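Before any comments, here is the structure.
In this text, all values refer to a predicted model and were calculated from it rather than measured experimentally.
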Amino acid sequence: MSKIIGLIRDRLLAHEYGAGTIMDAYYAAFKIPDFVYNLLIIGALSAGFIPVFIEAMQKDKKESWNIVNGVVNTLGLSLIIVSIIALWQTPRLVGWLVPGFTGEKLALTIQLSRVMFFSPLILGLSSIFGSVLQSYKAFAIYSMTPIMYNLGIIIGITILVPFFGTIGLSYGVILGAVLHLAIQLPLVVKYGYRYRPNFHWKNKSVRKIGHLMIPRMLGMATKQIDIIVITILASTAGTGSLSVFSFADNLQSVPVSMVGIAFAIAIFPTLSELAGKSQITELRTQIARTARQIMWLIIPLAITILLLRAQIVRVVLGTGQFDWKDTILTAQCLAFFSISIFAQSLTPMLARSFYALQNTWTPFVVSIISTLVNLGAGIWATPRYGIVGLVAGYSLSTVIQTAVLWMLLHRSIGSLKESTIVNLLAKVSIAVIGMGIVIQGFKYTLGNMLNINTFVGIFTQGIISGIAGILIYGFICHLLRVEEMEIFMESFKRKWFKLKSADVEIGSVEK
């Protein structure tokens, strides 16, 4: 739901502003506040807050709330200090971030950034409370937070901008952050939280969280530097370049999130348990099995995005000020993104495999290598090929990162059953070729039958071609006895018969 609302958000932005000056300034304005948020908050919470809080909660509930207040006050104070400095130095920071921006475009970026600097503080507090809810396994409310955040941005686009002008975009971001926080507070209070102005700096648990966050912060810093490098280079590639990159990145992130990140999150507890018990053989089996499942799902999705890139961009973004030129450029970027979608989907699982082995430094070092490759490729390709060259460099660095992680993991724990993966890739390649032929055939046939200059026409062309291709992919995988396809079919049958059985029981009760 969050991804769907995110696409609606992007469509509204594309409709109102296209890929031009305002969108370039808007996306650039996010970068420095996001850097602060990701570095101080995501690094701390993902590294140590949840396990430390749960451990304390099991021993002494009052002590667990002292930890929350200690983290809230410490990080809150840190964010206030950083935000004040950033507000003071905004013109200089933005000038470094987007050296290609000048005049009104630079002034607008500075204006939007100054408002958005309040969002890390609000989102930071919200993320702490979100971690509390996860600790209590209250996932329903927690899962709604990104939806509320995007709804705030949508309100900014549709309601606040007409009242306040372009600065309303930033007000929408702040509103989204407030909604992100507000939806969680009542339940956290219900569980027993009460704010106290205590820092508890001498508390062992609070200090432990501080120690645990350091390696993760370094890793997050590397990732954020990667994003900043992309922003700097995109700012020099012409008006609309940063917007196009961001729009294309948001589109390709949908399958990465739904497959790669989802599998990584799901498998992580199992990998940690196996590593903790030193069951390395089973650990290798689980990693290989998960990698095969990810590739079986993500490769056809990546090829579908590659073949239907223009249709996808036009359906999601092709409205209002987002003209055909913007569509073509975004589709070209999406094509190069699609090359690395498989790598982006495997990397989270591989990184978590190292984390399960209590090795946080290897993913950090590999991420530095990836950033350097991205920097070098971007500096070389952007002046020659514009924003498309920047995307190509990013994809190259991601593929290299995945390959290096795989090789180092193999070296660390032994064979990852690569022969079974090669066998899967051979079968998937045959299925993908069949799928591609069907997609192209339907695409050109429907293109001659429908008016693809309309939303209905281009949507119909894309959805029918995509569904037909995916069905053929599944059919060929079934004929080739691909294990992952058989597992999927068995799972589907169990779910289907379970639902049918429930329907029968409900019908019997109603009678």
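- Side chain of Ser257 to main chain of Val254: no donor-acceptor pair is present (N/O by atom type, distance under 3.5 Å, no hydrogens or angles).
- Side chain to side chain, Arg196 and Asn69 fail the donor-acceptor criterion of an N or O pair below 3.5 Å.
- Side-chain atoms of Asp326 come within 3.5 Å of backbone N or O of Ala19 as a donor-acceptor pair.
- Taking the six-membered ring for Trp, Phe247 and Tyr27 have ring centres closer than 6.0 Å.
- Nearest approach of Phe336 to Ala392, heavy atoms of both residues: CD2-CB, 3.8 Å.
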(request) Carefully, step by step, assess Ser246 and Asp249 under the rule side chain to side chain donor-acceptor pair (under 3.5 Å). (result) CA-CA 5 Å; Ser246 299; Asp249 186 30; over 6 Å; no
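- Between the side chains of Gln184 and Ser126, at least one donor-acceptor pair of N or O atoms lies under 3.5 Å.
- Between the side chain of Ser83 and the backbone N or O of Ile80, no donor-acceptor pair lies under 3.5 Å.
- A donor-acceptor pair shorter than 3.5 Å cannot be found between the side chains of Thr239 and Thr21.
- Side-chain polar atoms of Ser253 and Asn250 form no donor-acceptor pair below 3.5 angstrom.
- The shortest distance between side-chain heavy atoms of Tyr17 and Phe322 does not fall below 4.5 Å.
- Using a 3.5 Å distance cut-off with no hydrogens or angles, the side chains of Gln311 and Gln461 do pair a donor with an acceptor.
- Annotation for Ala275 and Ala356: closest pair CB-O, 3.2 Å, computed over non-hydrogen atoms.
- A perpendicular orientation is assigned to the rings of Trp361 and Phe364, their planes being inclined by more than 60° (bins at 30° and 60°).
- No donor-acceptor pair under 3.5 Å is formed between the side chain of Thr362 and the backbone N or O of Asn359.
- In the model, Ser340 has a side-chain atom that pairs as donor or acceptor with a side-chain atom of Ser395 under 3.5 Å.
- The main-chain N or O of Tyr149 is never found under 3.5 Å from a side-chain atom of His180 such that the two would form a donor-acceptor pair.
- By the 30° and 60° cut-offs, the orientation of the rings of Trp65 relative to Tyr136 is parallel.
- Counting only distance, with no hydrogens or angles, the side chain of Ser143 and the backbone of Ala140 share a donor-acceptor pair below 3.5 Å.
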(request) Take Phe337 and Phe245 through the test ring pair (Phe, Tyr, Trp, His ring centres under 6.0 Å) and record every step on the way to the result. (result) CA-CA 10 Å; Phe337 269 127; Phe245 183 96; 5.4 Å; yes
